[in-house]
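These notes concern the structure reproduced below.
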Amino acid sequence: MFSPRTRRRWLIAALSAALVASGAVGTTAQAGQPADVTAAAAAVTFSDTFDGPAGAAVDSSKWQVETGDNENNHERQYYTSGNRNAALDGQGHLVITARKENPSNYQCWYGTCQYTSARLNTAGKFTAQYGHVEARMKVPRGQGMWPAFWMLGTPVNWPDSGEIDIMENVGFEPSTVHGTIHGPGYYGSGGIGAGYTLPGGQSFADAFHTFAVDWAPDSITWSVDGNVYQRRTPADLGGKQWVFNKPFFLILNLAVGGYWPGDPDGSTVFPQQLVVDHVSVTTGDAPAGGAIRGLAGKCADVAGAGTANGTPVQLYDCNGTSAQRWSAGGDGTIRALGKCLDVASGGTADGTPVQLWDCNGTAAQQWVVTGARDIVNPQADKCLDVTGNNSANGTRLQIWTCSGGANQKWTVG
């Protein structure tokens with residue numbers, strides 16, 4: 001048996017692979033089983049699950065560890081090299097630790113540093129241009145803490161080269177994270193973004209959460225645990241330049257203090273840790289995703305390219321529009337137009353229609369692509385199906401008991 005952690009990674013990789021491969025990805029998988037894991041793993045353009053012995057440094061083929069301070073934000077930490085403040089824990093996590101140093105041998109912009117921490121990036125090792133970018137993390141807690149997962153455009157000439165903040169949290173807002181874009185004329189406090197707040201007063205430091213963006217040539221969509229909370233397009237910039245059409249590299253860091261979070265105070269307990277379970281980037285065969293082709297060579301299509309919850313998903317002539325560009329969400333979901341392929345009302349009966357809906361992390365939005373070219377909803381144990389085996393444009397898609405018929409066979413990518 002696979003552990004839940006291993007099985008989750010396998011299913012994520014399998015779906016990602018299928019959405020970037022042409023045709024079936026394997027011949028040995030049976031209906032209801034994940035696609036071949038070897039082919040799947042090759043489809044994820046970047047992945048780090050931080051497996052290794054406790055105390056080991058990060059994989060230097062993927063990450064470089066920065067050193068120094070950050071005067072620009074008036075932060076209070078010194079970023080150290082090696083594995084002193086960034087190390088694996090032996091349980092499949094990267095742990096970035098912020099420590100209070102007294103006395104300290106590190107010099108910051110303001111004098112002797114009081115804190116050390118770590119900042120990692122993939123510059124010169126990996127860049128992304130479009131796709132689904134995510135990290136599953138548990139943030140630290142306390143006044144003055146400032147963890148972040150973000151990207152910078154290359155070559156770096158900030159702010160003109162652009163910045164995409166996938167997740168930032170400041171300690172005085174334990175229930176809220178922020179996603180922001182920065183560019184020429186909209187940077188610093190003028191960045192364009194929004195926050196996402198957990199319900200019921202929950203704190204992000206209490207558990208792991210998945211922070212992601214779905215990045216296309218003309219849009220960036222942010223989500224937490226599959227819940228979309230904002231989408232930005234060039235229309236949001238008020239005529240300013242959209243600079244998100246080039247490669248960006250990834251950054252993980254834990255800052256201490258600065259203009260935004262303020263300094264730690266007597267309530268802040270050190271050390272504090274940002275714990276990272278995994279980082280991954282998946283892309284389709286086109287920047288904004290790939291087609292899902294089925295009966296009569298036609299495509300899975302969002303009716304009218306609508307984005308309202310409940311918009312039908314149908315069969316239609318393939319036309320290359322955004323209504324037919326689907327991508328793996330990295331969490332078992334299949335996405336288009338910033339929303340998820342969803343079984344209506346979480347139904348499991350034959351004939352339950354599928355639709356577009358806000359991503360919400362439920363079993364109604366989980367899918368497995370098999371080597372037999374089925375797309376299966378595991379909760380129902382049923383296949384994505386063209387109603388009535390009818391190839392006419394506009395025929396609604398539904399779930400149905402897997403039968404091996406042509407109306408249940410899909411070529412993804």
Side-chain angles (χ1 to χ4, degrees), residues 50 54-89 93-125 137 139-161 163 165 167-173 178 180 182 187-189 191 205 248-276:
F50 304 108
V58 292
D59 185 343
S60 61
S61 71
K62 298 177 179 179
W63 303 95
Q64 62 179 352
V65 181
E66 300 184 35
T67 60
D69 60 354
N70 191 341
E71 179 179 357
N72 291 334
N73 291 328
H74 276 213
E75 297 167 16
R76 299 290 179 176
Q77 81 291 324
Y78 187 96
Y79 291 127
T80 64
S81 60
N83 58 357
R84 186 176 188 277
N85 291 78
L88 308 184
D89 68 355
H93 304 123
L94 162 67
V95 180
I96 298 178
T97 302
R99 309 176 191 275
K100 188 171 184 179
E101 304 283 0
N102 186 21
S104 174
N105 296 321
Y106 301 101
Q107 294 299 309
C108 287
W109 59 272
Y110 60 88
T112 301
C113 299
Q114 298 170 271
Y115 309 95
T116 59
S117 188
R119 172 165 153 167
L120 291 67
N121 70 59
T122 66
K125 301 174 185 291
M137 303 184 291
V139 305
R141 70 177 79 240
Q143 169 59 34
M145 294 297 99
W146 188 3
F149 174 45
W150 50 302
M151 297 190 286
L152 283 176
T154 58
V156 177
N157 179 29
W158 194 89
D160 292 353
S161 51
E163 175 180 330
D165 297 327
M167 186 288 298
E168 292 183 281
N169 168 256
V170 287
F172 61 80
E173 293 181 331
H178 297 264
T180 314
H182 303 266
Y187 57 88
S189 61
F248 279 60
F249 61 86
L250 311 178
I251 306 170
L252 284 167
N253 72 288
L254 174 53
V256 181
Y259 285 130
W260 186 13
D263 289 344
D265 60 23
S267 69
T268 310
V269 178
F270 285 92
Q272 285 293 327
Q273 296 180 330
L274 171 62
V275 184
V276 187

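Heavy-atom basis, side chains included; hydrogens, waters and symmetry copies ignored. Bear in mind that the values here come from a model prediction, so they are computed numbers and not experimental data.
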Step-by-step side-chain contact (heavy atoms from CB on, under 4.5 Å) determination, Gln114 to Tyr78
CA-CA 8 Å; Gln114 298 170 271; Tyr78 187 96; over 6 Å; no

Take Thr122 and Trp63, measure what side-chain contact (heavy atoms from CB on, under 4.5 Å) needs, and give me the verdict at the end.
CA-CA 5 Å; Thr122 66; Trp63 303 95; 3.6 Å; yes

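Interatomic distance, Asp263 CG to Glu75 CD, rounded to the nearest 0.5 Å: 11.0 Å. Here the CD1 atom belonging to Ile251 is positioned 6.5 Å from the CD atom belonging to Glu66, to the nearest 0.5 angstrom. A distance of 11.0 Å separates CD in Glu168 from CD in Glu173, rounded to the nearest 0.5 Å. Interatomic distance, Tyr115 OH to Asp69 CG, rounded to the nearest 0.5 Å: 15.0 Å.
With contacts defined as side-chain heavy-atom distances shorter than 4.5 Å, the pair Phe172/Met145 does not qualify. With a 4.5 Å cut-off on side-chain heavy atoms, Leu152 and Asn121 do not count as touching. At least one side-chain heavy atom of Ile96 sits less than 4.5 Å from a side-chain heavy atom of Leu120. For the pair Leu252/Met137, a side-chain contact is recorded, criterion being any heavy-atom separation below 4.5 Å from C-beta on. You'll find the side chain of Asn70 reaches within 4.5 Å of the side chain of Arg119, heavy atoms only. At a threshold of 4.5 Å between non-hydrogen side-chain atoms, the residues Phe249 and Lys125 do not count as touching. Looking only at side-chain heavy atoms (C-beta outward), Pro264 and Phe270 come within less than 4.5 Å of each other. Two residues are said to be in side-chain contact when any heavy atoms from C-beta on lie closer than 4.5 Å; Arg76 and Tyr110 meet this criterion.
Between Gly142 and Thr268 the shortest heavy-atom distance is C-OG1, 4.2 Å. Nearest heavy atoms, Pro147 versus Asn169: CD-O, 3.0 Å.
Ring-plane geometry between Trp260 and Trp146 is classed as perpendicular, the angle between the planes exceeding 60 degrees on a 0 to 90 degree scale with a lower cut at 30.
Of the N and O atoms on the side chains of Asp165 and His182, at least one donor lies less than 3.5 Å from an acceptor on the other residue. Between the side chains of Glu101 and Thr116, a donor-acceptor pair is found at a separation under 3.5 Å. Using a 3.5 Å distance cut-off with no hydrogens or angles, the side chains of Glu163 and Trp150 do not pair a donor with an acceptor.
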